[in-house]
Amino acid sequence: MPSAFLPDRAFIRISGPDAEPFLQNLITTDLAALEPGVALPGALLTPQGKILFDFLIWRDADNLVIDSRADQQDALIRRLTMYKLRAPVAIEAFGENGATVTWGADTVDAAGVSDHRFALAGVEVRRTAGRLGETGPAGAYDALRILSGVIESGSDYVLQDAFPHDVLLDKSGGVSFKKGCYVGQEVVSRMHHRSTARRRAVIVAGDGPLPQTGSDVTADGKVIGTLGTVAGQRGLAILRIDKAGEAMARGVAILAGQTPITVTLPAWTALTFPSSAEES
């Protein structure tokens with residue numbers, strides 16, 4: 001089965017009698033919906049509703065495990081500790097950095113937890129802490145993320161520069177609008193109920209090789225977004241879907257750098273590009 005080792009991941013264990021209520025009041029994920037053997041996406045937000053840290057989270061017996069970017073692990077532990085006060089909760093890094101991901105026909109029997117983000121796209125991906133045997137190139141995982149419309153910080157967006165809606169957390173099970181308060185909840189809930197989210201993650205296909213990550217996406221000479229992960233002629237981007245929809249309706253070319261591209265919203269989101277009538 002295909003696999004890849006991701007050296008830029010690290011793990012935090014949250015344990016203790018109040019571990020779940022402690023996190024439930026902080027992060028966007030509804031832990032009551034967290035099933036054994038499944039990893040859900042989530043985030044810790046700023047009070048203004050932007051993503052301060054993004055991660056995956058799953059259950060390990062009576063503990064909770066956070067799979068985060070390795071370069072953000074220490075900062076995330078410090079932030080969680082700041083909120084802990086005297087709660088009977090332990091927050092600690094564990095294991096060596098790096099995660100193994102596997103996918104393909106036989107993956108259902110592989111070790112690790114199922115990544116819910118890919119399951120939405122009809123792909124079974126398993127994640128395991130540490131290196132598990134011989135693995136293929138990490139670029140194969142990036143290509144899979146592109147095809148599945150799975151966005152990650154660092155590669156696709158900058159932390160503290162995106163709302164959960166921008167990166168599809170509201171569609172991937174990473175945000176709850178029912179569980180009650182958490183940091184940044186008021187802003188995110190207002191965006192959801194007023195349907196004001198216009199920046200969204202899209203899948204990009206180029207007429208030729210795409211430019212480098214971070215290149216502007218433009219329509220009619222105006223910047224409407226930014227290119228994220230790139231693999232040959234395919235990539236991910238976060239852009240204004242109202243502006244993209246308008247350009248497509250008018251037959252105006254959308255460009256990544258100087259390369260003409262087509263953009264599609266991941267099918268599992270059930271989102272569509274707004275029409276002019278909808279915008280008005």
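Note: hydrogens, waters and symmetry copies are ignored here, and every other heavy atom, side chains too, is used.
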Could you check if a side-chain atom of F22 sits within less than 4.5 angstrom of a side-chain atom of K84, using non-hydrogen atoms only? yes

Verdict with reasoning, V101 to R126, per side-chain contact (heavy atoms from CB on, under 4.5 Å): CA-CA 5 Å; V101 290; R126 310 285 293 187; over 6 Å; no

Would you call K222-D220 a salt bridge at under 4.0 Å N-O? no

State, with a plain yes or no, whether a side-chain heavy atom of T100 is found less than 4.5 Å away from one of F5. yes

From CA spacing to verdict: side-chain contact (heavy atoms from CB on, under 4.5 Å), L23, I57: CA-CA 11 Å; L23 279 183; I57 185 167; 3.8 Å; yes

Out of D54, I91, I66, which residue meets the side chain to side chain contact (heavy atoms under 4.5 Å, CB included) rule with L76? I66

Salt-bridged, D170 to R200, with N to O below 4.0 Å? yes

Minimum heavy-atom distance between A138 and A4, given as atom pair plus value: CA-CB, 4.0 Å

Output yes when a side-chain donor or acceptor of T28 lies under 3.5 Å from a complementary backbone atom of A43, and no otherwise. yes

So V217 and I254, do their side chains get closer than 4.5 Å, heavy atoms only? yes

Tell me the closest heavy-atom pair linking S15 and N63, and the distance in Å. CB-OD1, 3.1 Å

Side-chain donor or acceptor of R9 paired with backbone N/O of A129 under 3.5 Å: no

Look at atom CD of E134 and say whether more than 12 heavy atoms of other residues, nucleotides or ligands are closer to it than 6.0 Å. no

Ignoring hydrogens and geometry, is there a side-chain-to-backbone donor-acceptor pair from R59 to L34 under 3.5 Å? yes

Min side-chain heavy-atom separation N25-Y83 under 4.5 Å: no

For the pair R199 (side chain) and D166 (backbone), establish whether a donor and an acceptor sit closer than 3.5 Å, ignoring hydrogens and angles. no

Is there a side-chain contact between I261 and V263 in this structure, where contact means two heavy atoms from C-beta onward sitting under 4.5 Å apart? yes

Do F177 and Q185 come within less than 4.5 Å of each other through their side chains, counting heavy atoms only? no

Hey, is the main chain of A205 close enough, under 3.5 Å, to the side chain of Q233 for a donor-acceptor pair? no

Would you confirm whether S176, through its side chain, and K178, through its main-chain N or O, come within 3.5 Å as a donor-acceptor pair? yes

In the structure I gave you, are the side-chain heavy atoms of Y141 and L6 within less than 4.5 Å of one another anywhere? yes

Mind listing the closest non-hydrogen atom pair of T29 and Q24 along with its distance? O-OE1, 3.5 Å

Is there a donor-acceptor pair closer than 3.5 Å between any side-chain N or O of T269 and the backbone N or O of L271? yes

Ignoring hydrogens, what is the shortest heavy-atom contact between L45 and V183? Give both atom names and the distance. O-CG1, 3.0 Å

In terms of side-chain heavy atoms, does D142 have a donor or acceptor partner in T229 at a distance below 3.5 Å? no

Charged N to carboxylate O under 4.0 angstrom, E246 versus R240? no

In the structure I gave you, are the side-chain heavy atoms of K171 and P266 within less than 4.5 Å of one another anywhere? no

